[in-house]
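Contents: one structure, followed by commentary.
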Amino acid sequence: MQLKREFSVYSMRLTKAALQRISFDSNALFWCALIIVATSLRLFHLGSESLWNDELASWAFSKVDSLGQVIELTKRDVHPPGYQVFLYFWIKLAGDTEIALRLPAAIAGVWAVAFLLLLGRRLYTPQVPGLSALLLAVSWTPIYYSQEGRAYSLLMLGAIATSYYWVKVFLKHATAVKKYGHTMLYVSPCGPLQWSTCITLAFYFLVYRF
């Protein structure tokens with residue numbers, strides 16, 4: 001754990017000097033380098049530690065014989081069954097090693113960085129997207145949850161992606177609402193991960209419908 005934190009701090013120091021020289025608005029090399037850094041930090045020692053209590057709970061709920069058993073077991077949990085259902089199929093595809101169970105969270109963490117870049121480019125000055133995405137890419141907390149076999153990293157991706165599409169819709173008003181109304185279906189898988197997301201999606205539906 002300490003090694004991961006030191007690696008994150010070292011990466012932030014390496015990029016700090018370059019920030020003042022980079023054009024955040026159109027420098028494709030910077031975007032690519034940032035995604036590579038985010039990916040490396042999230043995959044670094046991904047399977048070095050054993051599963052802990054919450055990860056074991058996810059594994060126990062999903063490593064069963066049938067999908068019906070997953071639903072039945074998650075009735076006792078405080079969270080919706082979406083992540084456990086996803087994990088049930090993922091285990092069948094990729095196995096149940098530490099790396100396999102944590103890989104979806106790592107991938108979601110990288111995509112969250114990419115979507116934050118896109119969101120920042122729509123809302124703020126050219127410097128803001130790069131700085132905000134850099135902080136998300138190298139900060140310890142997002143990296144930690146991107147290396148945990150739970151739904152938190154996927155929720156972060158869902159929140160940022162939802163915000164991006166909300167902005168995309170409302171900046172283009174009525175025409176865009178009709179064109180991008182399907183984005184509710186795009187982000188709807190986040191709903192079964194957390195009840196609060198279901199409320200957000202319901203509000204989105206009301207705005208889009210009426």
Side-chain angles (χ1 to χ4, degrees), residues 1-12 14 32-116 133-162 186-197:
M1 187 69 69
Q2 182 64 25
L3 182 61
K4 292 179 183 178
R5 187 175 301 182
E6 291 176 357
F7 187 42
S8 177
V9 172
Y10 179 68
S11 299
M12 183 178 290
L14 285 178
C32 293
L34 188 57
I35 295 300
I36 291 172
V37 168
T39 303
S40 301
L41 289 172
R42 282 151 180 77
L43 295 180
F44 182 69
H45 282 196
L46 185 62
S48 62
E49 298 179 13
S50 300
L51 300 177
W52 74 290
N53 185 50
D54 283 5
E55 291 178 310
L56 287 171
S58 295
W59 173 85
F61 284 160
S62 304
K63 183 68 173 179
V64 292
D65 296 329
S66 68
L67 186 59
Q69 288 180 280
V70 176
I71 302 299
E72 189 64 30
L73 287 171
T74 53
K75 288 180 180 179
R76 296 176 289 176
D77 196 11
V78 295
H79 301 296
Y83 180 70
Q84 313 303 338
V85 171
F86 163 77
L87 204 60
Y88 169 78
F89 291 105
W90 177 255
I91 287 175
K92 290 185 177 299
L93 177 67
D96 62 346
T97 64
E98 284 85 352
I99 292 178
L101 290 174
R102 292 166 180 163
L103 187 59
I107 295 173
V110 175
W111 274 103
V113 174
F115 267 102
L116 192 59
L134 175 66
L135 288 173
L136 183 62
V138 303
S139 295
W140 181 82
T141 302
I143 294 173
Y144 175 83
Y145 285 108
S146 293
Q147 293 190 326
E148 184 172 283
R150 296 287 285 173
Y152 308 122
S153 185
L154 281 73
L155 283 168
M156 178 175 64
L157 170 60
I160 297 173
T162 302
Y186 177 80
V187 300
S188 61
C190 298
L193 300 179
Q194 196 78 313
W195 293 119
S196 59
T197 314

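Note that the structure is a prediction, hence the values are computed from the model and not measured.
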Results of side-chain contact (heavy atoms from CB on, under 4.5 Å) for [X] - residues two or more places apart only:
X: Val110; value: Ile35, Thr39, Arg42
X: Leu136; value: Ala112, Val113, Leu116, Pro142, Met156, Ile160
X: Ala94; value: Trp90, Ala100

Between [X] and [Y], what is the shortest heavy-atom contact and its length?
X: Val70; Y: Phe61; result: CG2-O, 3.6 Å
X: Pro104; Y: Leu154; result: O-CD1, 4.0 Å
X: Val64; Y: Leu73; result: CG1-CD1, 3.7 Å
X: Gly109; Y: Ser146; result: CA-OG, 3.4 Å

Taken in chain and number order and not counting sequence neighbours, the residues that satisfy ring pair (Phe, Tyr, Trp, His ring centres under 6.0 Å) with Tyr145 are Tyr152
**OP:** For the pair Thr74 (side chain) and Ile71 (backbone), establish whether a donor and an acceptor sit closer than 3.5 Å, ignoring hydrogens and angles.
**Re:** yes
task = Mark yes or no for whether Gln84, through its side chain, and Pro81, through its backbone, hold a donor-acceptor pair below 3.5 Å.
result = no
- Task: Determine whether Trp52 and Glu148 make a side-chain contact, defined as any pair of heavy atoms from C-beta on separated by less than 4.5 Å.
- Result: yes
### Task
Report yes if the side chains of Glu98 and Leu46 come closer than 4.5 Å at any heavy-atom pair, otherwise no.
no
By side-chain hydrogen bond (donor to acceptor under 3.5 Å, both in side chains), Ser58 pairs with (sequence neighbours left out) Arg150
The reported gap from CG in Leu87 to CD1 in Ile91 (rounded to nearest 0.5 angstrom) is 4.0 Å
Contacts satisfying salt bridge (Lys or Arg N to Asp or Glu O under 4.0 Å) that involve residues 51-69 (not counting sequence neighbours) are Glu55-Arg102, Lys63-Asp96
